[in-house]
Amino acid sequence: MSRLLDNLNTEQLAAVTLPAQSALILAGAGSGKTRVLTTRIAWLLQTGQVSQSGILGVTFTNKAAKEMLTRLGAMLPINTRGMWIGTFHGLCNRFLRAHYREAALPQTFQILDTADQLAAIKRLLKALNVDDEKFPPRELQHFINAQKEAGYRANAVEAWDEFTRRRVELYAEYDAQCQREGVVDFPELLLRAYELLERNEPIRRHYQLRFRHILVDEFQDTNRLQYLWLKLIAGFASETPAAVFAVGDDDQSIYGFRGAEVGNMRDFEREFRVANVIRLEQNYRSHGNILDAANAIIANNSQRLGKNLWTDQGAGEPIRVYEAVADMDEARWVVEEIQQLVREGAARGDIALLYRSNAQSRVLEHQLFSTGLPYRVYGGLRFFERQEVKHALAYLRLIANPDDDTAFARVVNFPTRGIGARSLEQLQDAARMFNTSLYATVPHLNGKPAQSIGAFVKLVEELRRETADLSLPEMIDHVLEVSGLRAHYRAEREGQERLENLDELISAATGFLHDDSAPVEGEESLPGDPLSRFLAHASLEAGEHQADAGQDAVQLMSVHAAKGLEFDVVFITGLEDGLFPHENSIQEHEGLEEERRLMYVAVTRARKRLYLSLAQSRMLHGQTRYAVKSRFFDEIPEGLLKWLTPRVQQGFGQHYTPSRGDSFTTSAPRQPSRDLIGFRIGQQVRHARFGAGVIVSAEGSGQDARVQVNFGSGGGMKWLALSVAKLEAA
DNA sequence: TACTATACGGTTTTT
DNA sequence: CCGTATAGTA
């Protein structure tokens, strides 16, 4: 036991060895959060307070779950396989597979990822003849998911207006369709699990008795439903509630836009009667100046639970700031600086380029590429999201569950088999009439579609029969060949990489079987057949999106993607008001605070050296945009910054020479420039109320002429009618 | 049915 | 600017 607790600081030790009560650990960036979490589990096990099966460990990403298991395995001589440590979704999937009957699901239920769900919604709208102009599928998807994540079924949603009432109806129709097809979307995994626990007392009792210690990572990212689920499974109101060990950092809550509720931390403290709130404030990652900047920035937020990071590492270097004229100059400077660092011995993999939005990577990539510096960009398509892989999976899904209409619609005519829109429409109408799945409707067809689609059904049945006794990889190989997928991509000019990905799918299945089917000690074997488990795995773990260490390449990623990572050298680029903080978030107080937390996350990624950079002009959506420097600069003590470029007073447009293409080219096809004489894009202006700003864009002419001005911290992005607003050139 | 033109929209993202 | 989605044509 002593070994285990060696080298923990006072707070970490206190957290790890807390008594079996609910506790909230406020873990600042770089304070050893994961270590505390895993050591806590190890300590609980080693001291015999709980058995392996009595622990429930919840994370948000598969990566975090895997890391926890790996570290745990390194600390104790135990077989961690079979432990209930995983993501919310992964654990709920496991739970629902074990109790599929009680959850009213087919044993082979499939999981829709975001794209599948959208396709299912589009199909539904079409079948119901709903005008998708009035009810955009994406918007409806967001509505449905938001309701589910708040814990509401369609019948529980309060609808006051006609529009919402209709959306609620569609929500109900969508759920009915999913049920008919035997598929569940991501939020459904949680909601279904929650409802089953709530409704079924024996099952609830069983799990409440079993999980005595529940540990939750990144608690600030939980949404309403996840919190409700935790409450339920912990039996928080019962005589013998489980001990919930919640670790999180309200200052790093950056997923509010997708439903995360920081407020859950406060609710947790109150509702679970948390007696112990422990703050981990010693930072082992960053030098002092970097930490001071981060602390200063985040101090501007209200409603914090309160925390101040410190380090004993010394101040280190100042934060370097570079102000470029244009985005291309910014990129050029970044790359030169990196080359210099590499010459001085830095490893490329220890250098990260961060940006607020992915579109910004383009210029940086271009510059890196032309310099020949190896780099890696995170945030693209993931393996299981590639179309060829999804096509292959669709065949497998049909084998497992023929009622999966999403899979059916995806591959019924891929590779093409002469089944056109007409035939499909006929089939969908018939399916609606008989209230059966597409697959089950085919025998009812007559005429030409009966032939063509009938042949497809025969193919799937043949595949199912022929692969019944094959191993998973053999099965996939057979399906790829007989379905014609391989032939299709072999014939395609650019099909080589797709073929390789299909082979990779077979390897993935081999690897999955290896990890998945090893015997588990003292634990029931995982429920479901290998195929269904593999398909669930493919939906739940679309492949790595987040960076992993290793390769010696400069790392490019959004600030969101950088959360949880650290680098010796970090560049935060594009620090312009309107970009970072993003203009869409500047308006509301809440939005701006989340942007600030994002900035806090970005800054705290750096170990030794931090660069901040901005560009006075930037190509965005095919237009040159002008901006003032980010208001976050004003929140960092001047003494921490070292400006590498001369500081210009209010200084934009000063280095600026108008060039071709900079005149008013706007989305409005009228000829505005004539009427805007005296103003041009990029110009410094002054407004009585908002102060100094820069004209960012313009539209309209004459009386309608409007300009968009970025006033930075004085008022953000504003549209002003020139005929009304008193703007003067500054 | 498959290919090409055009229109549109464009933070952040895991599961 | 640039990728995606839909409409239109061979």
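Below, chain A is the first sequence line, B the second, and so on; all start at residue 1.
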Whole angstrom value for the distance that separates [atom2] of [N] from [atom1] of [X]:
X: A:Gln360; N: C:dC2; atom1: CD; atom2: P; answer: 16 Å
X: A:Asn145; N: B:dT13; atom1: CG; atom2: P; answer: 17 Å
X: A:Glu133; N: C:dA7; atom1: CD; atom2: P; answer: 9 Å
X: A:Asp327; N: C:dC1; atom1: CG; atom2: C1'; answer: 11 Å
X: A:Leu535; N: B:dT15; atom1: CG; atom2: P; answer: 18 Å
X: A:Glu365; N: C:dG3; atom1: CD; atom2: P; answer: 11 Å
X: A:Asp116; N: B:dT15; atom1: CG; atom2: C1'; answer: 13 Å
X: A:Lys148; N: B:dT15; atom1: NZ; atom2: P; answer: 19 Å

Taking OP1 and OP2 of [N], is either one under 4.0 Å from a side-chain nitrogen or oxygen of [X]?
X: A:Arg382; N: B:dT13; result: no
X: A:Asn358; N: B:dT13; result: yes
X: A:Arg258; N: B:dT12; result: no
X: A:Asn62; N: B:dT15; result: yes
X: A:Arg362; N: C:dG3; result: yes

Quick one: on DNA chain B, does A:Ala359 or A:Glu149 contact a more 5' nucleotide (nearest heavy atom)?
A:Ala359
Pick the nucleotide of DNA chain B nearest each of A:Ile419 and A:Glu595; which residue has the one closer to the 5' end?
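It is A:Ile419 whose nearest nucleotide is closer to the 5' end.
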Does the plane of the ring in A:Phe512 sit parallel, tilted or perpendicular to the ring in A:His537? Use 30° and 60° as the thresholds.
tilted
Distance-only donor-acceptor test, A:Ser558 side-chain atoms vs B:dT13 base atoms, 3.5 Å
no
Tell me if the side-chain of A:Ser539 makes a donor-acceptor pair with the base of B:dT15, cut-off 3.5 Å, by modelled atom types.
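When only heavy-atom distances are counted, A:Ser539 does not reach the base of B:dT15 through any donor-acceptor pair under 3.5 Å.
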Among [options], the nucleotide that comes nearest once only the side chain of [X] is considered:
X: A:Asn413; options: B:dA2, C:dC2, B:dT13; result: B:dA2
X: A:Met619; options: C:dC1, B:dT11, B:dT13; result: C:dC1
X: A:Arg356; options: B:dT15, B:dT12, B:dT1; result: B:dT12
X: A:Phe257; options: B:dT15, B:dT11, B:dT13; result: B:dT13

Any side-chain heavy-atom pair from A:Asp221 and A:Lys563 closer than 4.5 angstrom?
yes
Are the side chains of A:Gln616 and A:Val694 in touch, meaning some heavy atoms are under 4.5 Å apart?
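No. Closest side-chain heavy atoms not under 4.5 Å.
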Does the aromatic ring of A:His582 sit over the six-membered base ring of B:dT11, closer than 5.5 Å centre to centre and tilted less than 30°?
yes
Test applied, ring-ring contact (aromatic ring centres under 6.0 Å, His included); reference residue, A:His89; option that passes from A:Phe95, A:Phe60, A:Phe186:
A:Phe186
Syn/anti state for B:dT12 [syn: chi within 90° of 0]:
anti
Hey, do the aromatic rings of A:Phe257 and A:His582 have their centres closer than 6.0 Å?
no
Remember a base hit wins even if backbone is also touched, and classify A:Phe88 as base, sugar-phosphate or nothing at under 4.0 Å, heavy atoms.
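Contact class for A:Phe88: none.
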Pair A:Ser532, A:Gln110 - check side chain to side chain contact (heavy atoms under 4.5 Å, CB included), show working.
CA-CA 7 Å; A:Ser532 289; A:Gln110 302 301 315; 4.1 Å; yes
